[in-house]
Amino acid sequence: QLQLVESGGGLVQPGGSLRLSCAASGFTLDYYAIGWFRQAPGKEREGVSCISSSGGNTNYPDSVKGRFTISRDNAKNAVYLQMNSLKPEDTAVYYCAAFQGWLSFGRCVLSQNDADYWGQGTQVTVSS
């Protein structure tokens with residue numbers, strides 16, 4: 001079965017850190033751009049970060065730039081999201097998604113609905 005599985009979410013105090021992991025099962029991530037997205041209650045899903053298949057390109061919206069870092073380890077078939085200086089407004093369900101093929105990185109940044117695979121999500125709650 002081809003799937004993505006997120007892990008690493010939890011409850012953290014404001015200013016704290018979490019590291020999310022996205023692992024692939026049944027396929028290799030080598031040729032996929034990978035994105036992290038999040039959805040808070042009552043809000044639309046938004047992009048958090050994208051990384052190209054080679055790892056050479058990354059993208060962050062202003063809301064997380066300087067606080068979040070995306071990375072990948074193709075040998076472990078996994079992508080990570082290091083989240084520092086967390087704020088209550090970062091509270092959401094976080095999803096990873098995989099994009100294959102032509103302009104995969106660009107589609108990750110601009111067209112999340114084009115993803116080939118989605119994970120089931122992991123809850124991140126930032127609260128004191």
Notebook entry, point to check: Taking only residues two or more places apart in sequence, or in another chain, which ones meet Y94 in a side chain to side chain donor-acceptor pair (under 3.5 Å)?
Noted result: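 R38.
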Do the side chain of [X] and the main chain of [Y] share a donor and acceptor less than 3.5 angstrom apart?
X    : Y    : answer
Q100 : S104 : no
N77  : L29  : yes
E6   : C96  : yes
D114 : R107 : no

Roughly how far, to the nearest 0.5 Å, is the [atom2] atom of [Y] from the [atom1] atom of [X]?
X    : Y   : atom1 : atom2 : answer
I34  : C50 : CD1   : SG    : 9.0 Å
F68  : S85 : CZ    : OG    : 9.0 Å
S127 : L86 : OG    : CG    : 12.0 Å
R72  : T58 : CZ    : OG1   : 11.5 Å
Q123 : T91 : CD    : OG1   : 7.0 Å
W36  : N59 : CH2   : CG    : 16.0 Å

Margin query: My understanding is that only residues two or more places apart in sequence, or in another chain, count here; which of them pass salt bridge (charged side-chain N to carboxylate O under 4.0 Å, His left out) with R67?
Written below: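 D90.
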Considering all heavy atoms, the nearest [X]-[Y] contact:
X   : Y    : answer
A97 : A115 : CB-CB, 3.8 Å
Q39 : R45  : NE2-N, 3.8 Å
L81 : S49  : CD1-CB, 4.2 Å

If you group Ile, Leu, Val, Met, Phe, Trp and Tyr by side-chain heavy-atom gaps below 4.5 Å, do [X] and [Y] land in one group?
X    : Y   : value
V48  : L4  : yes
F105 : Y31 : no
Y117 : V79 : yes
F37  : Y80 : no
V124 : Y60 : yes

Next item on the list: Before giving the answer on side-chain contact (heavy atoms from CB on, under 4.5 Å), spell out for L20 and M83 the whole-Å C-alpha distance, their side-chain angles and the decisive distance to 0.1 Å.
Entry: CA-CA 8 Å; L20 305 184; M83 305 187 296; 3.7 Å; yes
Next item on the list: State, with a plain yes or no, whether a side-chain heavy atom of N74 is found less than 4.5 Å away from one of Y32.
Entry: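 No, every pair of side-chain atoms sits at 4.5 Å or beyond.
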Note to self: Classify the ring geometry of W118 against Y95: parallel below 30°, tilted from 30° to 60°, perpendicular beyond 60°.
What the structure shows: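 If you compare the ring of W118 with that of Y95, the planes turn out perpendicular.
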